Number of protein chains: 2
Amino acid sequence: MEDIDVQIMKLLLEDGRMSYTDVGKATGLSTSAAHQRVRRLEQRGLIKGYRAVVDVEALGLPLTAFVSVKPFDPAAPDDVPERLAGLSEIESCHSVAGDENYILKIRVATPADLEGLLARIRFAANVSTRTTIVLSTPFDGRTPDLPGSRPVGG
Amino acid sequence: MEDIDVQIMKLLLEDGRMSYTDVGKATGLSTSAAHQRVRRLEQRGLIKGYRAVVDVEALGLPLTAFVSVKPFDPAAPDDVPERLAGLSEIESCHSVAGDENYILKIRVATPADLEGLLARIRFAANVSTRTTIVLSTPFDGRTPDLPGSRPVGG
DNA sequence: GCTGAAAAGCCTATAGT
DNA sequence: ACTATAGGCTTTTCAGC
């Protein structure tokens, strides 16, 4: 059998609104025990929250792009993430090993908005940018096969 | 005032388990009306589902990378997404404009797993790969500022 | 499309093993 | 750590505007 906590997280990954009763049924626990485990997972930070999955493309943000950034001045202290955090169009910011220092994923409404955002990124963080436009997204946000039983950080 | 449906989606983006009662309070609607609107948003596909946000890094998948892929044979019919869909380590697949054809985001446990996955990607889709390892993630999964009132696809 | 009310079911806490 | 129970609240449906 599989580690129950991992099983619970898989269930909630697929349906974040599943009731504790149903989580219990699926794992062979009582409602209380299932609820208890979920709460412990939340407290330990393994479950960080719950989100609706919203179709942002249909909602006025059809343009997605990846933006690689590299500081103009490699000697300057690196506070790029802090400087970019205020730009709400930036969905994610990853520090990476490679030719560039960061990869951002951004969402905007129009090419003109993209142009403006890139200017704000360069200005805010003193970086050069390289932009890769997303044409379509065959799949996204898939939930990984979590490795089975074990550590769970306890 | 802001379009109520957009407001509802923002609320559920931040807390996917918020009760319809609370959604109603926040939007000035009765519980029934709020519930009704959420159900319509789900049926229209604007809300695609609900997910727990799970800390996969802490859960045995600490290695994230972006993999750009390019077919060896540019003349071959492009069924790369279909061929890659079966690899569960691939979280997302974006078709992009630029030097490469697709950008994948992948998650694995170890460098050895990455090596194996890259081999499987190349073999499954007949592509070359360029891999950018993620060192850290200052932020991820931020919810965009949705453009205010309007179309909502209706 | 909204309100309001009622039944069914869920959440949460408590007590006990 | 789990089960069982019970009160309060939520979900869901339905009648009416």
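Residue numbers begin at 1 in each chain, while the letters A, B, ... track the order of the sequences. Predicted model, so just to flag it, every value in this text is computed and none were measured.
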Under 3.5 Å between N/O atoms: give me all the protein pairs with nucleotides 4-11 of chain C, atom names plus distance.
{"residue": "C:dG4", "atom": "O6", "partner": "B:S32", "partner atom": "OG", "Å": "2.8"}
{"residue": "C:dA5", "atom": "N6", "partner": "B:S32", "partner atom": "OG", "Å": "3.4"}
{"residue": "C:dC11", "atom": "OP2", "partner": "A:Y20", "partner atom": "N", "Å": "3.0"}

Among A:I106, A:V127, A:L84, A:I103, exactly one meets side-chain contact (heavy atoms from CB on, under 4.5 Å) together with A:V67. Which residue is that? A:I106
What is the distance, rounded to the nearest whole Å, between atom CZ of B:R44 and atom C1' of C:dG1? 13 Å
Cation-aromatic face contact A:R83/A:Y102, 6.0 Å, 45 degrees: no
Whole angstrom is fine here: how far is it from CG in B:L29 over to P in D:dT10? 16 Å
If you take all heavy atoms of A:E42 and A:Y50, which pair is closest and at what distance? OE2-OH, 2.7 Å
B:F66 ring centre to B:R107 NZ or CZ under 6.0 Å, with the angle to the axis within 45°? no
What protein N or O atoms touch nucleotides 15-17 of chain D N or O atoms at under 3.5 angstrom, if any, and at what distances?
none

Could you give the CZ-to-C1' distance, from B:R39 to D:dT13, as a whole number of Å? 9 Å
Euclidean distance, B:T31 OG1 relative to B:D22 CG, rounded to 0.5 Å: 8.5 Å
When Ile, Leu, Val, Met, Phe, Trp and Tyr are grouped by side-chain heavy atoms lying under 4.5 Å apart, directly or through other members, which residues fall in the same group as A:F123? none
Rounding to 10 degrees, work out the angle separating the end axes of the helix from C:dG1-D:dC17 to C:dT17-D:dA1 (five pairs an end). 30°
Report the residues that fulfil side-chain contact (heavy atoms from CB on, under 4.5 Å) with A:A76, sequence neighbours left out, ordered by chain and then residue number. A:D73
Assess whether a salt bridge exists between B:D5 and B:R44, defined as any Lys/Arg side-chain N lying under 4.0 Å from an Asp/Glu carboxylate O. yes
Between B:D5 (CG) and C:dC2 (C1'), how many Å, whole number? 14 Å
Side chains of residues 110-120 of chain B: which donor-acceptor pairs under 3.5 Å do they make with residues two or more places apart or in other chains?
{"residue": "B:T110", "atom": "OG1", "partner": "B:A112", "partner atom": "N", "Å": "3.4"}
{"residue": "B:T110", "atom": "OG1", "partner": "B:D113", "partner atom": "N", "Å": "3.1"}
{"residue": "B:T110", "atom": "OG1", "partner": "B:D113", "partner atom": "OD2", "Å": "3.2"}
{"residue": "B:D113", "atom": "OD2", "partner": "B:T110", "partner atom": "N", "Å": "3.4"}
{"residue": "B:R120", "atom": "NH1", "partner": "B:E89", "partner atom": "OE2", "Å": "3.4"}
{"residue": "B:R120", "atom": "NH2", "partner": "B:E89", "partner atom": "OE2", "Å": "2.9"}

Candidate pair A:E91 and A:K105, rule salt bridge (Lys or Arg N to Asp or Glu O under 4.0 Å), full reasoning: CA-CA 6 Å; A:E91 185 181 304; A:K105 186 179 176 192; 3.7 Å; yes
